[in-house]
S.K.: 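I have a structure I would like to understand better, so I am pasting it below and will then ask my questions one at a time.
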Amino acid sequence: MEHLFIEWLREYGYIVLFGWSILEGELGLVMAGIMSHTGDMFLPLAIVVGALGGFVGDQIYFYIGRFNKSYIHDKLRSQRRKFAIAHLLLKKYGWPLIFVQRYMYGMRTVIPMAIGLTKYSSRDFAIINFVSAIFWASLTIIPAYYFGDELLKLLAWIKAHWYFAIPLALSIIGGIAFMFNRIEKNLLEKRRERQNR
């Protein structure tokens with residue numbers, strides 16, 4: 001089964017990378033870097049495909065915000081806090097937020113949709129989003145390419161010691177989620193303090 005999955009990735013790798021980059025991204029980009037290291041993908045093409053997928057994904061989320069407000073209002077019921085934070089961050093930081101939002105855990109889909117709800121220029125968003133996507137793909141794929149041997153050894157260790165690796169990975173993810181949750185709470189508390197003055 002594992003051999004079949006690897007063969008499938010080798011044959012359809014660029015299609016998988018494009019689709020994965022639309023939906024999520026980083027893990028797919030790391031895999032593309034490793035596959036470029038092993039010679040199963042061409043590094044410059046992997047960067048272009050990953051960047052295009054990330055660009056298309058954020059454009060989709062932006063236009064959902066711009067033209068499908070009923071969907072956003074449904075999302076607001078469960079994601080109200082995240083949308084409030086996205087608007088705060090956009091107001092405070094402006095266009096650089098578009099550049100860095102790909103690295104913000106739990107906010108990657110919310111921020112483009114929240115920007116789409118505003119009167120922010122769709123042309124400006126697309127330009128910044130495109131440049132950001134190229135940097136994002138390059139900064140993830142190239143290190144994975146250069147450290148391909150080390151990453152392959154790490155993957156082999158994870159496979160052999162999954163009973164250690166899974167709790168460790170869950171702890172790291174939980175720690176990152178906790179950190180971003182604290183940042184979100186601090187931002188909202190500061191806004192409440194300003195409103196109560």
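Only a predicted model underlies this, so the values are computations on that prediction, with no experimental measurement involved. Values below: every heavy atom of this structure, side chains too, minus hydrogens, waters and symmetry copies.
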S.K.: Identify the two heavy atoms, one from Ser36 and one from Leu43, that lie closest to each other, and give their separation to 0.1 Å.
M.R.: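 Looking at all heavy atoms of both residues, the shortest contact is OG-CA, 3.6 Å.
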
S.K.: Can you name the closest pair of heavy atoms from Ser122 and Tyr63 and give their distance?
M.R.: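 Closest approach of Ser122 to Tyr63, heavy atoms only: CB-OH, 3.5 Å.
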
S.K.: Is any side-chain heavy atom of Gln59 less than 4.5 Å from a side-chain heavy atom of Asn129?
M.R.: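 A side-chain contact exists here, since the closest heavy-atom pair is under 4.5 Å.
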
S.K.: Would you indicate whether the side-chain heavy atoms of Tyr14 and Phe42 approach each other to under 4.5 Å?
M.R.: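 Yes; the side chains approach each other to less than 4.5 Å.
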
S.K.: With a 4.5 Å limit on heavy-atom distance, are the side chains of Met41 and Leu17 in contact?
M.R.: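 They are in contact (side-chain heavy atoms under 4.5 Å apart), so the answer is yes.
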
S.K.: Check side chain to side chain contact (heavy atoms under 4.5 Å, CB included) between Ile15 and all other residues, then give those that pass, not counting sequence neighbours.
M.R.: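 Ile15 satisfies side chain to side chain contact (heavy atoms under 4.5 Å, CB included) with Tyr12 only.
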
S.K.: When rounded to the nearest 0.5 angstrom, what distance separates CD1 in Ile60 from CD1 in Ile22?
M.R.: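 Ile60 CD1 to Ile22 CD1: 5.5 Å, rounded to 0.5 Å.
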
S.K.: Are Met113 and Thr109 close enough that some pair of their side-chain heavy atoms sits under 4.5 Å apart?
M.R.: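 They are in side-chain contact.
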
S.K.: Do Thr140 side-chain atoms and Ala137 backbone N/O form a donor-acceptor pair below 3.5 Å?
M.R.: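 No, the answer is negative, given that no donor and acceptor are paired below the 3.5 Å cut-off.
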
S.K.: Grab the two heavy atoms, one from Ala133 and one from Ala51, that are nearest each other, plus how far apart they are.
M.R.: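 Smallest heavy-atom distance, with atoms named: CB-O, 3.3 Å.
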
S.K.: List the atom of Lys119, the atom of Arg66, and the distance in Å for their closest heavy-atom pair.
M.R.: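 Shortest heavy-atom contact: C-NH2, 4.0 Å.
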
S.K.: Does Ser21 reach the side chain of Phe55, with side-chain heavy atoms less than 4.5 Å apart?
M.R.: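 No, too far: nothing below the 4.5 Å cut-off.
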
S.K.: Return yes when atom CZ of Phe130 has more than 12 non-hydrogen atoms of other residues, nucleotides or ligands closer than 6.0 Å, and no otherwise.
M.R.: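 Result for CZ/Phe130: open.
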
S.K.: Going by atom types only, do Arg102 and Ser132 share a side-chain donor-acceptor pair under 3.5 Å?
M.R.: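 Yes, because at least one side-chain N or O of Arg102 sits under 3.5 Å from a partner of the opposite role on Ser132.
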
S.K.: Could you tell me if the side chain of Trp20 sits less than 4.5 Å from the side chain of Leu29, heavy atoms only?
M.R.: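 Of all side-chain heavy-atom pairs linking Trp20 with Leu29, none is under 4.5 Å.
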
S.K.: If two hydrophobic side chains count as joined below 4.5 Å and joins carry through other members, does Ile127 share a cluster with Tyr61?
M.R.: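 Not linked; separate clusters.
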
S.K.: What pair of heavy atoms forms the shortest contact from Gln101 to Asp58, and how long is it?
M.R.: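 Of all heavy-atom pairs spanning Gln101 and Asp58, the closest is NE2-OD2, 2.5 Å.
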
S.K.: How would you list, by chain and number, every residue that makes a ring pair (Phe, Tyr, Trp, His ring centres under 6.0 Å) with Phe18, sequence neighbours excluded?
M.R.: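 Listed in chain order: nothing, the list is empty.
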
S.K.: How would you list, by chain and number, every residue that makes a side chain to side chain contact (heavy atoms under 4.5 Å, CB included) with Asp149, sequence neighbours excluded?
M.R.: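 Expected list: His37.
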
S.K.: Does any non-hydrogen side-chain atom of Ile128 lie less than 4.5 Å from one of Tyr120?
M.R.: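 They are in side-chain contact.
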
S.K.: For Tyr145, look at atom OH and say whether over 12 heavy atoms of other residues, nucleotides or ligands are found less than 6.0 Å away.
M.R.: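 Atom OH in Tyr145 is not packed in, count stays at 12 or less.
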
S.K.: Quick one: pull up CD1 in Ile111 and CD1 in Ile98 and give me the separation to the nearest 0.5 Å.
M.R.: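 Reported to 0.5 Å precision, the distance equals 9.5 Å.
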
